[in-house]
Every structure is written in structure tokens, then in C-alpha cells.
Amino acid sequence: MTEDSAGTEDSAGTKKISAAPTLADLTTLRVGGPVASYAAVTSRDELIGAILDADDAGRPVLVIGGGSNLVGADQGFDGVVVRDLRRGVDVLTETADDRTRTVRVKAEAGVRWDAFVKLMVSRGYEGVEALSGIPGTVGASVVQNIGAYGQEVSASVCQVEAWDRATSTVITLQPSQMRFGYRTSALKQGMYDEDGKPGSKWFPTPRFVVLSVTFALVNEPTTTVDFGQLAHALGVTTGTRMDIARVRSTVLSVRAAKGMLEDPKRYNNPWLAPLGQDPQVSGVPAGTRKHVGPVVRAAASASTELSEELEHDRWSCGSFFINPIVSQQTADRLPQDAPRFPVSVAGGQGKEQGSAVKTSAAWLIDHAGFPKGFALADGAPAALSTLHTLALTNRGGAAAKDVMALAAVIQKGVSDKFGIDLVPEPVVLQGWKPAAGKSGQKPDGEDA
Ligand SMILES: Cc1cc2nc3c(=O)[nH]c(=O)nc-3n(C[C@H](O)[C@H](O)[C@H](O)COP(=O)(O)OP(=O)(O)OC[C@H]3O[C@@H](n4cnc5c(N)ncnc54)[C@H](O)[C@@H]3O)c2cc1C
């Protein structure tokens, strides 16, 4: 189904929705103007066809998932927004003997991420439970290598099937080709130039559009808790083995308390309703392994009615800035109590391989004078979440320019105080213009 701003009729001749959506309709931050064309596709061929047609016509393409890592542009999107409505999950293998416990599960890119996690946990498959409650889709999960509470999706990805827009072929990417890193992958890196600015060809959607992801999980309903904050919330010490259902419910509670769950009411919006549906499962039936310990239900607070203020704390992109990875010298200049975590950094692209220090963007923001709830003026429509320093939120009626003005003030404040440049985590459409001459040009076949 492709729609433009004139609306569309389905095969029965019924007008479904009167106009194409706005970026605000499609994103968790709820900012951004009208979309010129919208294609909601239900098969792999339709998905590839929609992208191919737009690329052939030289139109900008935005493949959108949950819109939870996107800052829309106030002027809208003068191109084609493609939404993958497929929601198939195929359990390829499940072994229950005690030596081989790997389960392979292939999920279509359009599957809602948290619905996938819920399904895996319910079947007793370990590997993604700490990523419970992250909004968005399976397809986008590998673009920025989502992570939380000590887990990253890259640890369980064994294969990514993608449409290569440069060569017009379907390819299979192995984890090594994905070049996963902290909140990044080859797909995301290919969208930006060396200087971190949006590239002229593969922005705002990567050259490789994810069609499906195959995960290798463990057929074992317990996991080792090795992240301090999660262990604390569970009331155990790190290193303890816990029921994955209990880990999931605890992660959901912790996230709810920080406003780091998406607002479930957004699925009342007809443009998003299909994404809210459960996956369609095929393949190996659920196994016989039993959960250890009581099955704990998802935190009630995840869906309970919230005050208006707390509801708006969920109108965000999650963490707006990436935790900076800085040199040892820069870390040494930070105040004594600044968080420091040693990390190793990969070489390549002119960067030296070696050790570095990850610090906390939330700590830097807070200590640069921007506490929770900070806004540029009383009653301003964009503000820091009242629950989490890293979330820039829409308090209702914010435009993208309001959010980006707040981001700019925070970036300057942190740079002035600590000499560290904060880099936004979401894909920012506000201020971006398609490269001149894009129209009518099919992207050529250069390497990502
Ligand atoms: C409340 C909240 C909490 C969050 N918490 C976390 C967290 O704990 N950890 C974390 O890592 N992230 C977190 N996020 C960020 C976000 O949920 C993730 O980045 C998520 O993976 C984005 O998925 P999406 O489908 O919404 O992507 P979108 O926002 O729809 O798209 C983001 C980018 O991915 C591209 N993309 C989408 N689908 C595909 C595809 N099939 N193939 C290729 N490219 C594609 C888009 O073109 C775009 O460039 C949070 C966000 C919110 C709102």
C-alpha cells in the first residue's frame, strides 16, 4: 500500500486513512512535519520494490521502524517513508540435550523488538532478556547495536539478511562484516562521513536495508546477572544466575521508573497500530525446558496510567547522547568523581587501536548545570525528562527546532565545562537536506 498526501483506498474501495502521516505520527519524540509518500509493505518483495522504486527515481528514502531513534524535521520528509509490516518469527532449530543448547531464530525486520524479546523469554531462550522494553524493531536493532543492562544485541546475532541498495541484490552479512561497536555497526557508520556529518548517499537510511536477523540464543531459562544496577534491582550480587523471566520483569520495572519505556498509547494511532501486534511464530514448537523459580509478570508500572508529566517523560528517543569515549588524558582532566570505564577501541579509518575511557553523558550533563527537568524557559515545550538526565523530551507541542535548540545548549555547556563534545545518538532529520542532484540519480555501487 503506497499513499501520498492525497490519501488512498484499499481494494474494497474503503478510504482507510485520509492523508499520509507526519513524522510526528511515526516517532516516539513526536516531532516532524508531513511525509510526501508512505509505503506500508507486507511482503519482502513489496519492501524491496518500494526501496528500489524510490532509489531508481532518486527520491530520498526513509525505512522507518518504531521511529524511536529518529528526530523528525519540522519541514517534513520530501521522499518515501517505508514501513515494514512483516512480523514473522521462525524458530529454525531448538536442541534440548545438555551439550548443544543453541537455538536459532530468524525474525523479520518489521517485528517489534520488545514483542520478540517477550516471545524468546516465554520460550525459555536466554540472550536478549536484558534488552526488554527497548522500543523499535528487529531491523533497526542491529543498525545501532542496541544495548542495555550489560547486554548488546550483537552478542546474539549470527546473520543479517539485507537488501543492498548499491548493487540491487540480497546479501547475507556475518557478524564480523557488521563491525558492531558501542551503539554502532557498519550499517550506521555507512550513513555518515568521516567528520560524523550525514553522508550524501546513504542517509537517513543505510545502504544495507535489513530484511531479517537470525539470532543464536541459548535454550536455557536462566542467565548470569553481571551488571551492577540490574543485580541491585534484583536484590542479588553480580554473578548470580536468575530466571530470565524475572530479569525481564525487573528490567521493565527499572525502565518504567526512569521513563525509559515507550508510551503504549502511541499504538492507538492508526499509522502505528500494525506495529503493536504480536509476532506470527512458525518453526519448532516451544520446548520442554521449564522455568526455574516463579514466573514473574511484567511490571504493572509499564502500562499503568501515568500523570501527564510522567507520560511526557516517555516522549523521547531514549538516551539523546552517546556516552563519550575519550582519551586517557581527557579522562584525567575530569573531576575525581566522574564515572570512568576502561574500554578498548578498534582501529581503522585512520583511528588508532588501543585503550580509552568511557564516561557518562548523563553525569557530564548534570554536572554542567542541566539537571533533570531542565528547559530553556519555564513551560518550554522541550525539556530534559524529569526522570532521566539523558532523555530530551517533548512536553507536548514541541517542534524539532525546540528539541535541537535544547540539545545545542546542552552540548555547548558540556563542551565549555569539560571540553567534551556530546554526539547525538538518534538519526537527526532536522536541518538535513538531501544532497543536491540526488533527484533522478540511482545510487552507484561503491563500498559502504
Ligand atoms: C524510551 C526509549 C528508550 C530507549 N532505550 C534504549 C536502550 O536502552 N538502548 C538502546 O540501544 N536504544 C534505546 N532506545 C533507542 C531506540 O529504541 C533504538 O535505537 C531502536 O533500535 C530504534 O528502532 P526503531 O525501529 O524505532 O528505529 P527508527 O527510529 O525507526 O530508525 C532508526 C534508524 O534505523 C534505520 N532503520 C530502521 N529499520 C531499518 C531496517 N530494516 N534496515 C536498515 N535500517 C533501518 C532507519 O532508517 C533510521 O536510520 C530507546 C528509545 C526510546 C524512545
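Note that the structure is a prediction, hence the values are computed from the model and not measured. Ligands are counted one by one from 1 in listed order, and the atoms in each one are counted from 1 as well.
A donor and an acceptor atom, one from each side chain of S37 and R59, are located under 3.5 Å apart.
In terms of protein heavy-atom proximity, atom 17 (O) of ligand 1 is nearest to S68 OG, 2.9 Å. In terms of protein heavy-atom proximity, atom 33 (C) of ligand 1 is nearest to V427 CG2, 4.0 Å. Among protein heavy atoms, atom 29 (O) of ligand 1 sits closest to N69 N, 2.8 Å. The single protein non-hydrogen atom nearest to atom 41 (N) of ligand 1 is V210 O, 3.1 Å, given as residue, atom name and distance. Among all non-hydrogen protein atoms, the one lying nearest atom 3 (C) of ligand 1 is R255 NH2, 3.5 Å. Closest protein heavy atom to atom 35 (C) of ligand 1: V63 O, 4.0 Å.
Close placement of the F215 and F116 rings is indicated, their centers lying within 6.0 Å of each other.
No heavy atom of R314 sits closer than 4.0 Å to any atom of ligand 1.
Checked by distance only, ligand 1 and G67 come closer than 3.5 Å through their nitrogen or oxygen atoms. At a 3.5 angstrom cut-off on N or O pairs, S316 does not count as close to ligand 1. In terms of polar-atom proximity, defined here as any N/O pair under 3.5 Å, I146 makes no such contact with ligand 1. Residue G147 has at least one nitrogen or oxygen atom sitting less than 3.5 Å from a nitrogen or oxygen atom of ligand 1, judged on distance alone. Below 3.5 Å of separation, one finds no N or O of N145 facing any N or O of ligand 1.
When non-hydrogen atoms are compared, ligand 1 lies under 4.0 Å from neither the backbone nor the side chain of S319. For I134, every heavy-atom contact with ligand 1 shorter than 4.0 Å involves the side chain, none the backbone. Counting heavy atoms closer than 4.0 Å to ligand 1, residue W113 contributes nothing at all. At a heavy-atom cutoff of 4.0 Å, ligand 1 is contacted by no atom of A162, backbone or side chain.
In the vicinity of T137, heavy-atom distances shorter than 4.0 Å reach the ligand 1 atoms 23 (O), 24 (P), 25 (O). Atom numbering of ligand 1 starts at 1 in the shown order; those under 4.0 Å from a heavy atom of V209 are 42 (N), 43 (C). The atoms of ligand 1 that sit less than 4.0 Å from any heavy atom of A148 are 8 (O). In the vicinity of M191, heavy-atom distances shorter than 4.0 Å reach the ligand 1 atoms 49 (O). Near G136, the atoms of ligand 1 lying under 4.0 angstrom from a non-hydrogen atom of the residue are 23 (O), 24 (P), 25 (O), 26 (O). Atom numbering of ligand 1 starts at 1 in the shown order; those under 4.0 Å from a heavy atom of V143 are 43 (C), 44 (N), 45 (C). Every atom of ligand 1 is numbered from 1 in the order shown, and the set under 4.0 Å from a heavy atom of G66 is 24 (P), 25 (O), 26 (O), 30 (O). Numbered from 1 in the order shown, with element, the atoms of ligand 1 that lie under 4.0 Å from a heavy atom of I64 read 30 (O).
Atoms CZ and CG, on R87 and D278 in that order, are 7.5 Å from each other to the nearest 0.5 Å.
Contact check on D114 versus R255 returns no salt bridge, with no Lys/Arg side-chain nitrogen under 4.0 Å from an Asp/Glu carboxylate oxygen. Remark: D313 engages R395 in a salt bridge, criterion side-chain N to carboxylate O under 4.0 Å.
Closest to atom 12 (N) of ligand 1 by heavy atom, among K258, E108, E152, Q144, is Q144.
Evaluated for a side chain to side chain contact (heavy atoms under 4.5 Å, CB included) with Y182, the options V343, I325, N145 yield exactly one hit, I325.
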